[in-house]
Amino acid sequence: MPGKFTRNGLQRAALKWGHQLGDLLYPIARKTLPFRPKMWWIPRLPIWAHPRRAPHARAWTAPIPTPAADLLTSPGVTLLPEAQQQAYDEVPLHDFIRLHPEMRGENSPTGHMWISLLSTSPRVQGAARRRAQANLDPGATTVPARVTPAELTRAVKAEAARLGLGAVGVTAYDIKYNYAEYHGLAVGDTVIVGILEQNFDSTQMAPSLRAEKAALTAYAGLEDRMRLLADWIRAQGYDARAEGFVGESMVIPYAVQAGLGQLGLNGQLLTPHAGSRCRIEVMTTNAPLVHDAPIDFGIEGICDECQICVKRCPAGAIPATRKESRGVVKAKLNTKRCLPVMGKTAGCSVCMKTCPVQRFGLPAVLGEFERSGTILGKGSDDLEGFDWPLDGKHYGPGERPRLGPEVFATPGFEFDPDRKVPVGWVDKKDETTEALGY
Ligand code: SF4
Ligand code: SF4
């Protein structure tokens, strides 16, 4: 049965024409995008004036049921610590945009994201600038009160909820997750992970500029809230440094370690309340907080039964099984197939749109599985259907667009998934994301 998130024929044609117009204007538009970081001063409407973009700034409180025993695998994700360490010693991680400058919005010949980047830049760059300024002096502003770590942790989480973060978790800093360019910038050995829920309705319209703008706007909202949380921690007498949305670290491993979700087969963090329809940022702090532990929500078990994203991904980039990669047992996305498609379809996100945990939340998915042994929404056009911007057609369950070689082989696009060292690598710790202009 068609759901309420469907387009009619005219709207699908508009999706395709808008997409083609974006292609046509791209050579002109890319010349303006280097000015994007300077757009912070452009006045913008309050967020409530953008109901289709606004994130859901609310703390998640609904209880998560215990999964059936046959859905359990391991808390968080299966790690092989020795292999993790060896991978790090041999090839440390690098900032993605440094490693792949061809993926920057203004550089990439696949860069269809320019429209959403341009229209959200005043808000996103304003938030990035405020955070960068706060980070100039991340030091404490007062003497710490005499409270126990448990009391302080409760207070931090209460403040995060007051700010509208969906969830926060606490875990240990791990240099293996910190990109080599930013080593030495952490202000403590504890990491706070913050999550903000992205606009629900717009996400169900992915792939589209509307969905992409909702994602970028959620990042701006998250960046402001993490900065305010860092300010609050400094006012309690501790150092805190928020890393921002382009990021200095791999945020998903931290979120898994902090018990905020598990990895889906689509490679994203699936939170129990909103699946992957959320944005994640981290901060480091020296506040003595109680660390959270990874949790087995039954998500890996649900993924094994579901496999919707594996079958719906237009690029065929999502594997059906997990294997070890850099000491982590996970489904490793084929980025060489995914990234060109993302670039050409406003972020794609079919794998997010069609995920039942994103759409219905884990409690409903677990409940249906317990009742009927089936995955909620699987096989329905409402969940699995999507409109494809490249041809303006609707693809229901069992159907996928045919992508020709031109989608994956754009002239001038040199994305190399095996690249280990950034192009033009320089070892300067002061080149933070702010200096890179994000
Ligand atoms: S973003 Fe699109 S191409 Fe990439 S993995 Fe998801 S569905 Fe596939
Ligand atoms: S679509 Fe299904 S298999 Fe893919 S991440 Fe979501 S629950 Fe897991």
Side-chain angles (χ1 to χ4, degrees), residues 19 67 71 73 77 96 100 103 108 110 112-113 116 198 203-208 211-212 215 252 255-256 261-278 296-322 330-369 374-380 382-390 395 397 399-404 407-408 410 415 417:
H19 193 81
L71 292 176
T73 52
V77 64
F96 180 78
H100 299 289
M103 290 306 293
S108 170
T110 67
H112 213 100
M113 295 179 187
S116 38
Q198 180 177 316
T203 304
Q204 313 317 314
M205 304 305 280
S208 64
E212 182 67 6
I252 292 180
V256 172
Q262 286 182 285
L263 284 179
L265 283 179
N266 59 10
Q268 298 157 2
L269 176 80
L270 298 200
T271 61
H273 292 91
S276 54
R277 185 175 38 78
C278 51
D296 189 348
F297 293 102
I299 285 174
E300 288 190 343
I302 287 291
C303 280
D304 290 340
E305 297 289 336
C306 169
Q307 306 255 326
I308 290 176
C309 59
V310 177
K311 298 192 175 77
R312 305 305 289 140
C313 170
I318 304 175
T321 52
R322 299 171 192 84
K330 62 179 184 178
K332 186 157 169 34
L333 210 66
N334 183 339
T335 43
K336 194 165 187 171
R337 290 190 72 78
C338 167
L339 291 177
V341 174
M342 277 183 70
K344 288 181 177 169
T345 56
C348 183
S349 301
V350 165
C351 52
M352 183 189 291
K353 189 267 165 200
T354 59
C355 175
V357 183
Q358 177 281 126
R359 180 66 177 271
F360 307 115
L362 187 63
V365 175
L366 286 176
E368 180 64 31
F369 192 73
T374 62
I375 296 295
L376 186 59
K378 187 171 179 175
S380 71
D382 180 35
L383 178 66
E384 294 202 29
F386 60 90
D387 300 324
W388 192 237
L390 296 183
Y395 291 88
E399 304 166 338
R400 275 201 299 203
R402 280 176 188 274
L403 304 187
V407 176
F408 301 103
T410 308
F415 178 74

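Both ligands and their constituent atoms are indexed starting at 1 by order of listing.
- Of all atoms in ligand 1, listed by their number and element, those nearer than 4.0 Å to a heavy atom of Met342 are 1 (S).
- No salt bridge links Lys311 with Glu384; every basic N to acidic carboxylate O contact stays at or beyond 4.0 Å.
- Ranking the protein heavy atoms by distance from atom 4 (Fe) of ligand 1 puts Cys338 SG, 2.5 Å first.
- Closest to atom 2 (Fe) of ligand 2, if we only count protein heavy atoms, is Cys306 SG, 2.3 Å.
- Formation of a donor-acceptor pair under 3.5 Å by the Lys378 side chain with backbone atoms of Cys306 is found in this model.
- Between Asp387 and Lys353 no salt bridge is recorded (no basic side-chain N to carboxylate O distance below 4.0 Å).
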side-chain contact (heavy atoms from CB on, under 4.5 Å), that's the test. Do Ser208 and Thr345 meet it? Break it down for me. CA-CA 7 Å; Ser208 64; Thr345 56; over 6 Å; no
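- Seen from the ring of Phe408, Arg337 counts as a face-on cation partner, given the 6.0 Å and 45° thresholds.
- Heavy-atom proximity to Asn266, at under 4.0 Å, picks out these atoms of ligand 2: 5 (S).
- No donor-acceptor distance shorter than 3.5 angstrom exists from the side chain of Gln268 to the backbone of Ser276, with no hydrogens or angles considered.
- Counting atoms of ligand 2 from 1 in the listed order, those under 4.0 Å from a heavy atom of Cys309 are 1 (S), 3 (S), 4 (Fe), 5 (S).
- Panel note: side chain Gln262, backbone Ile299; a donor-acceptor pair is recorded below 3.5 Å.
- Residue Gln358 does not touch ligand 2, judged by heavy-atom distances below 4.0 Å.
- Listed by number with element, the atoms of ligand 1 under 4.0 angstrom from any heavy atom of Pro314 are 7 (S).
- The protein heavy atom nearest to atom 8 (Fe) of ligand 1 is Cys313 SG, 2.3 Å.
- Listed for the Arg277 side chain is no donor-acceptor partner under 3.5 Å among the backbone atoms of Thr203.
- Atom CE of Met342 and atom OG1 of Thr335 lie 11.0 Å apart (nearest 0.5 Å).
- Here Ile318 has no heavy atoms under 4.0 Å from ligand 2, in either its backbone or its side chain.
- Contact atoms of ligand 2 toward Leu265: 3 (S), 5 (S) (distance under 4.0 Å to a heavy atom of the residue).
- Listed by atom number, the atoms of ligand 2 under 4.0 Å from Cys303 heavy atoms are 3 (S), 5 (S), 7 (S), 8 (Fe).
- Those atoms of ligand 1 that come under 4.0 Å of a heavy atom in Cys348, given as number and element, are 1 (S), 2 (Fe), 3 (S), 7 (S).
- The protein atom (non-hydrogen) at minimum distance from atom 6 (Fe) of ligand 1 is Cys351 SG, 2.4 Å.
- Under 2.8 Å from atom 8 (Fe) of ligand 2 lies no N/O/S atom of Cys355, from backbone or side chain alike.
- Close contacts between ligand 1 and Ser349 involve ligand atoms 1 (S) [criterion: under 4.0 Å to a heavy atom].
- The nearest protein atom to atom 3 (S) of ligand 2, hydrogens excluded, is given as Gln307 N, 3.4 Å; this is a heavy-atom distance.
- Using a 30° and 60° split on the angle between ring planes, His100 and Phe96 fall in the tilted class, from 30° to 60°.
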